[in-house]
*Asks:* 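A single structure is presented below for examination.
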2 protein chains.
Amino acid sequence: MTLDRSAAAPQTDPARAERILAAARELLLAWGYKRVTVDEIARRARIGKGTVYLHWKTKQLLFAELLRRELHEELGAFAAEITDDPAAALPGRVVREIFLQQTRNPVTRAIHAGDSEILGALAVTSAGRPVIRELGFHTLLARLVEVWRAHGLMAVTVPAADQIYTIDAVLTGFITGGLAVPGEDLGPDRRADLLGRTIKAALETSATPDEAALRAVARDVLAALGAARDVLVT
Amino acid sequence: MTLDRSAAAPQTDPARAERILAAARELLLAWGYKRVTVDEIARRARIGKGTVYLHWKTKQLLFAELLRRELHEELGAFAAEITDDPAAALPGRVVREIFLQQTRNPVTRAIHAGDSEILGALAVTSAGRPVIRELGFHTLLARLVEVWRAHGLMAVTVPAADQIYTIDAVLTGFITGGLAVPGEDLGPDRRADLLGRTIKAALETSATPDEAALRAVARDVLAALGAARDVLVT
DNA sequence: TGGATGACCAAATTTCAAATCTGGTCATCC
DNA sequence: GGATGACCAGATTTGAAATTTGGTCATCCA
């Protein structure tokens with residue numbers, strides 16, 4: 001029994017899908033979700049409007065894939081970093097990195113910040129799949145906490161839910177930017193450092209893992225990241 | 001040279017001002033800032049609309065005073081608690097308390113959350129005085145950090161600005177509520193505890209102050225609170 | 001005579017329907 | 001049989017009229 005792709009999705013040129021996504025991305029960054037029209041996307045991709053709908057059932061699903069890819073890429077870069085330096089798998093470092101990436105990438109920034117302008121696409125299940133942000137991010141966070149607890153990096157004497165909530169709240173606070181201190185304005189890197197230190201101090205146990213333990217943690221964190229990435233694959 | 005009150009503000013019955021404020025408060029909580037009309041306030045206070053303007057120059061200033069009083073009262077309650085238990089002057093406890101009070105009081109909750117619906121009044125200087133939230137809260141926070149650093153409760157090896165920012169960001173995150181964990185929903189008290197622990201772990205030094213030192217801290221924290229309260233007096 | 005009042009006004013806000021736009025479809029074309 | 005764009009219904013925007021509301025002040029008593 002061969003895989004009958006044409007039944008679900010008729011013959012569609014993958015390269016063309018890329019062109020459409022690229023056009024959508026440009027417009028998204030330039031105008032925000034609401035202002036981008038399918039017409040404009042098609043025009044910029046030099047195809048007919050109807051053709052867009054040969055690739056995606058709705059505008060939302062098109063953008064959902066775009067965002068999914070963006071996250072997928074981010075997670076990949078992050079995984080590479082951990083592979084390179086296992087210490088990056090420690091709680092403080094991970095949260096620090098999430099913050100930095102989400103601060104730098106305008107698309108994912110929109111996701112985390114809940115910018116409904118761009119976010120429209122995400123609040124909805126994509127073809128039966130769970131909402132990206134909610135299930136994706138929280139599942140990942142929950143798994144990471146599980147890993148850290150299993151490796152003795154976080155206290156198991158307190159509920160995991162407390163730790164998850166704390167990370168979530170603190171991360172949100174730093175992303176939201178605090179209430180902006182009147183005087184000086186701390187840069188993203190400085191804020192990222194403060195965030196990392198805060199998470200480390202608040203949640204990491206005093207145990208200092210040796211080289212081998214660190215590698216084991218990195219392995220499990222990478223597995224969690226991998227699982228999260230897989231969810232994001234179309 | 002006698003104090004000529006009638007020059008600045010003509011004869012006005014203080015008790016009547018209270019009636020007006022009470023009416024305004026009721027309506028504010030019931031309808032939110034925007035929906036409350038001066039007409040309605042006057043009606044509920046059983047006076048003519050013009051009379052309201054004998055007490056306050058604008059609607060905003062009326063509400064500014066209302067909010068100022070609310071904060072004043074809160075700070076007072078907080079000071080009482082510290083007087084009763086000096087340990088309440090420690091960073092974790094203080095932030096915990098700020099969170100709890102702002103969570104419980106609907107009026108001040110609107111202030112911190114930046115609910116522009118109710119907040120309209122606050123974004124503006126009141127009769128030349130600085131904006132309540134911005135200057136008031138941040139000045140207080142800065143002073144508290146100063147006190148804590150002076151007493152060795154916080155590291156002086158890092159910039160105070162970093163500590164202030166961290167407190168601000170973390171507090172904001174917990175108030176914003178984190179991104180609401182899908183499953184269970186932690187109650188306000190539990191969240192307050194987590195917040196307190198986070199601040200304590202992230203910012204308090206390991207030094208455990210003895211009874212005397214604690215009282216000294218409490219004294220200075222009370223002074224800071226007192227100064228903040230004074231700013232709020234009309 | 002000076003504090004209290006509410007009719008009054010300009011400016012802001014809301015209404016609401018017409019005009020426009022846009023996501024999605026499908027008959028037609030190549 | 002894939003690609004297209006005219007087409008449609010529903011959503012959104014527009015704009016002007018209608019209404020509301022913050023603030024004033026001539027008038028009114030106590």
Side-chain angles (χ1 to χ4, degrees), chain A residues 4-21 23-24 27-28 30-66 116-124 126-127, chain B residues 4-21 23-24 27-28 30-66 116-124 126-127:
Chain A
D4 185 11
R5 293 187 126 248
S6 61
Q11 221 63 278
T12 53
D13 179 4
R16 192 176 54 190
E18 296 307 320
R19 283 222 317 284
I20 298 175
L21 283 172
L27 292 169
L28 175 67
W31 300 101
Y33 181 74
K34 276 195 318 189
R35 313 244 176 172
V36 179
T37 70
V38 177
D39 248 326
E40 187 65 31
I41 294 173
R43 196 172 313 137
R44 187 169 294 222
R46 297 164 177 280
I47 56 174
K49 179 181 172 182
T51 307
V52 171
Y53 288 89
L54 292 178
H55 289 266
W56 294 276
K57 218 167 155 38
T58 71
K59 178 190 176 188
Q60 283 200 341
L61 289 179
L62 159 59
F63 278 95
E65 175 155 353
L66 180 61
S116 60
E117 180 92 11
I118 298 190
L119 198 52
L122 277 186
V124 179
S126 58
Chain B
D4 186 10
R5 292 186 129 250
S6 61
Q11 221 66 280
T12 53
D13 180 3
R16 191 176 57 190
E18 296 306 321
R19 283 222 317 285
I20 298 174
L21 283 172
L27 291 170
L28 175 67
W31 300 100
Y33 181 74
K34 277 194 320 189
R35 313 244 177 173
V36 179
T37 70
V38 177
D39 248 326
E40 186 66 31
I41 294 173
R43 197 172 312 135
R44 187 168 293 220
R46 297 163 177 280
I47 56 173
K49 181 180 170 181
T51 307
V52 171
Y53 288 90
L54 292 179
H55 289 266
W56 294 276
K57 216 167 159 37
T58 70
K59 177 189 176 190
Q60 282 199 342
L61 289 180
L62 159 59
F63 278 95
E65 175 155 354
L66 180 61
S116 59
E117 180 93 12
I118 298 189
L119 198 52
L122 278 187
V124 179
S126 57

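Note on naming: letters A, B, ... go to the chains in the order of the sequence lines (proteins, then strands), and numbering restarts at 1 for each one. Remember, it's a predicted structure, so these values are computed and weren't measured experimentally.
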*Asks:* With a 4.0 Å limit, can you tell me whether Arg16(B) has a side-chain N or O closer than that to the phosphate oxygens OP1/OP2 of dG3(C)?
*Replies:* no

*Asks:* Show me, range against range, the stems involving DNA chain C, built from at least 3 consecutive Watson-Crick or G-U pairs below 3.5 Å.
*Replies:* C:1-30 with D:1-30

*Asks:* For residues Lys59(A) and Val36(A), report the shortest heavy-atom separation together with the two atoms involved.
*Replies:* NZ-O, 2.8 Å

*Asks:* Could you tell me the separation between the CH2 atom of Trp31(B) and the P atom of dT20(D), rounded to a whole number of Å?
*Replies:*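 Rounded to whole Å, this separation is 15 Å.
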
*Asks:* To check you understand the geometry: which heavy-atom pair defines the closest contact between Leu28(A) and Leu66(A), and what is its length?
*Replies:* CD2-CD2, 4.0 Å

*Asks:* What is the minimum heavy-atom distance between Asp13(B) and His55(B), and which atoms define it?
*Replies:* O-CE1, 3.5 Å

*Asks:* Heavy-atom distance under 4.5 Å between the side chains of Ile47(A) and Arg19(A), does that happen here?
*Replies:* yes

*Asks:* So how far is it from Leu21(A) CG to Trp56(A) CH2, rounded to the nearest 0.5 Å?
*Replies:*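 These two atoms lie 4.0 Å from each other.
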
*Asks:* How close do Val38(A) and Lys49(A) get, heavy atom to heavy atom, and via which atoms?
*Replies:* CG1-CG, 3.9 Å

*Asks:* To the nearest angstrom, how far is Trp56(A) atom CH2 from dG23(C) atom P?
*Replies:* 15 Å

*Asks:* Just the atom pairs and distances: protein N or O near nucleotides 21-25 of chain D's N or O, under 3.5 Å.
*Replies:*
{"unit_1": "dG22(D)", "atom_1": "OP1", "unit_2": "Val36(B)", "atom_2": "O", "d": "3.2"}
{"unit_1": "dG22(D)", "atom_1": "OP1", "unit_2": "Lys59(B)", "atom_2": "NZ", "d": "3.1"}
{"unit_1": "dG22(D)", "atom_1": "OP2", "unit_2": "Val38(B)", "atom_2": "N", "d": "2.7"}
{"unit_1": "dG22(D)", "atom_1": "N7", "unit_2": "Lys49(B)", "atom_2": "NZ", "d": "2.9"}
{"unit_1": "dG23(D)", "atom_1": "OP2", "unit_2": "Tyr53(B)", "atom_2": "OH", "d": "3.3"}
{"unit_1": "dG23(D)", "atom_1": "OP2", "unit_2": "Lys59(B)", "atom_2": "N", "d": "2.6"}
{"unit_1": "dG23(D)", "atom_1": "N7", "unit_2": "Lys49(B)", "atom_2": "NZ", "d": "3.1"}
{"unit_1": "dG23(D)", "atom_1": "O6", "unit_2": "Lys49(B)", "atom_2": "NZ", "d": "2.3"}

*Asks:* With heavy-atom distances below 4.5 Å as the criterion, would you say the side chains of Thr37(B) and Trp31(B) are in contact?
*Replies:* no

*Asks:* Between Ile41(B) and Leu62(B), is any pair of side-chain heavy atoms under 4.5 Å apart?
*Replies:*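 Yes, at least one pair of side-chain atoms sits under 4.5 Å.
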
*Asks:* Whole Å only: how far is the CD1 atom of Ile20(B) from the P atom of dG3(C)?
*Replies:*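 To the nearest whole Å, that distance equals 15 Å.
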
*Asks:* Can you measure Arg43(A) atom CZ to dC21(C) atom C1' for me and round it to whole angstrom units?
*Replies:* 13 Å

*Asks:* So, OP1 or OP2 of dA4(C): does either fall under 4.0 Å of a side-chain N or O from Thr51(B)?
*Replies:*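 So the side-chain polar atoms of Thr51(B) never come under 4.0 Å of the phosphate oxygens OP1 or OP2 of dA4(C).
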
